[in-house]
Amino acid sequence: MDTIIGSDIGEAVEYLKTGNVVAIPTETVYGLAGNAMDPNVVEKIFQIKERPKRNPLILHVRSLDAAKNYVNEWPEWADLLTLAFWPGPLTLLLKKSSLVSDLITAGSDRVAIRIPAHPMALELLNRIEFPLAAPSANPFTYISPTTAMHVFKQLSGKIPYILDGGACKRGLESSIVGMEQEELYLYRAGAVNLELIEKLVGALQFKLPINTVLDAPGMLAKHYSPKTKLVLTQNLLKSVEEMSGKKIGLLVLSTTHPSILKYPHVELSKSANLEEAAENLYAGLHILDQMNLDLIIAETLPDEGIGRAINDRLRRAATI
Ligand code: TXA
Ligand code: MG
């Protein structure tokens, strides 16, 4: 199958209406999207992504009204959060309605749902009658894509169309929030800062999403990983010194120390701005992963604001 990269929303709509899976831009990362109401299409998404069936998919809808068709509850906290963050990078876990298949939720009685904020994704959703199931458009456990070219490099030949909406503005996946036994949980740190969520609904507990625990010991948190080995360090200069015999590349917030310049490196934000660092994170990992290095050394970012979500991704990328 030839894979075309284009910016024709009409063409993407045609592919989706005829049961195909296409990559679409969102404000967080590119999604591998298909008709969530068609089990054959949902099967295709799992196959193309090589994702285990026990790992459920997020529903993408165009409006609050549309969202309410697919859930059986709409608690007050959902109102507060969606009012503030939808359309946007916040996914809610809510009791599913009977329209949503067990395949989408991996057997859970809750469905993950969000309205994406990318204008092309919204226009696309407005031109179809069904919600889109869309995991990030990367092979299972690999680095998420934030450009059409990232998707092409990983999935060309497997999907007919990549809708090119430019580089994703937020660069990190959505934050995932849901309630269990009257307690609100953050299941994935993401593009909406935890502090902002807690301002509206109070303190959250933390938990990994269900069904993401892999069978093999040691694989527990592996995700978002480059093929090149990655180590995460609090002390960049010391780690660089220790590894200086190897072909190393560095992922740094900003190049504050001249000795860094000797090595291939990606600077996430010249002004050490964490939002900008999030936007550039996956592109930086993609670049370093193509350089044939022995090792990528990434520095831990300040554990504040979106820096916490970035550190979460780097920790998982570093798990071997
Ligand atoms: O920003 C995003 O959320 C992107 C864009 C494309 O929207 N999507 C994304 O999807 O990151 P994915 O499939 O790569 O990650 C979805 C996460 C997984 O960790 C999954 O376990 C969790 O959401 N999830 C989905 N449905 C769930 C459910 N019913 N119960 C618990 N966790 C769920
Ligand atoms: Mg993903």
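Atoms within each ligand, like the ligands themselves, are counted from 1 in listed order.
- Within ligand 1, the atoms closer than 4.0 Å to a non-hydrogen atom of Ala134 are 6 (C), 8 (N), 10 (O), numbered from 1 in the order shown.
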Dump the intermediate steps for salt bridge (charged side-chain N to carboxylate O under 4.0 Å, His left out) on Asp312 and Arg308, then the final yes or no. CA-CA 6 Å; Asp312 165 81; Arg308 293 162 80 168; over 6 Å; no

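- Less than 4.0 angstrom separates some heavy atom of Ser174 from each of these atoms of ligand 1: 1 (O), 2 (C), 3 (O).
- Contacts between His60 and ligand 1 below 4.0 angstrom, taking non-hydrogen atoms only, involve the side chain exclusively.
- Between Lys238 and Thr233 the shortest side-chain heavy-atom distance does not fall below 4.5 Å.
- Taking every heavy atom of Asn55 and a limit of under 4.0 angstrom, the matching atoms of ligand 1 come to 18 (C), 20 (C), 21 (O).
- The Mg ion (ligand 2) has no N, O or S atom of Ser144 inside 2.8 Å of it.
- Considering Thr3, Ile162, Leu32 as possible partners of Leu155, the one that fulfils the side chain to side chain contact (heavy atoms under 4.5 Å, CB included) test is Leu32.
- At least one heavy atom of Arg114 lies less than 4.0 angstrom from ligand 1.
- Annotation for ligand 1: atoms under 4.0 Å from non-hydrogen atoms of Pro135 are 10 (O), 12 (P), 13 (O).
- Close approach to Ser136 involves these atoms of ligand 1, each under 4.0 Å from a residue heavy atom: 8 (N), 9 (C), 10 (O), 12 (P), 14 (O).
- The side chain to side chain donor-acceptor pair (under 3.5 Å) test with Thr28 singles out one residue from Arg170, Glu173, Arg114, His118, and that residue is Arg114.
- The atoms of ligand 1 that sit less than 4.0 Å from any heavy atom of Arg110 are 28 (C), 29 (N).
- Short contacts between ligand 1 and Ile176, defined as distances under 4.0 Å to a heavy atom of the residue, involve ligand atoms 17 (C), 22 (C), 23 (O).
- Between His286 and His150, the ring-plane angle classifies as parallel under the 30° and 60° cut-offs.
- Atoms of ligand 1 found under 4.0 Å from any heavy atom of Arg51, numbered from 1 in the order shown, are 12 (P), 13 (O), 15 (O), 18 (C).
- One finds no salt bridge joining Lys199 and Glu195 here, because no Lys/Arg side-chain nitrogen approaches an Asp/Glu carboxylate oxygen to under 4.0 Å.
- The closest side-chain donor-acceptor pair between Asp289 and Tyr142 falls under 3.5 angstrom.
- Residue-to-ligand polar distances keep Glu173 apart from ligand 1: every N/O pair is separated by 3.5 Å or more.
- Within the structure, ligand 1 lacks Pro116 among the residues with a heavy atom less than 4.0 angstrom away.
- The side chain to side chain contact (heavy atoms under 4.5 Å, CB included) with Leu132 is formed by just one residue from the set Leu59, Ile24, Val21; it is Ile24.
- Put simply, the side chain of Val22 does not reach to within 4.5 Å of the side chain of Leu163, judged on heavy atoms.
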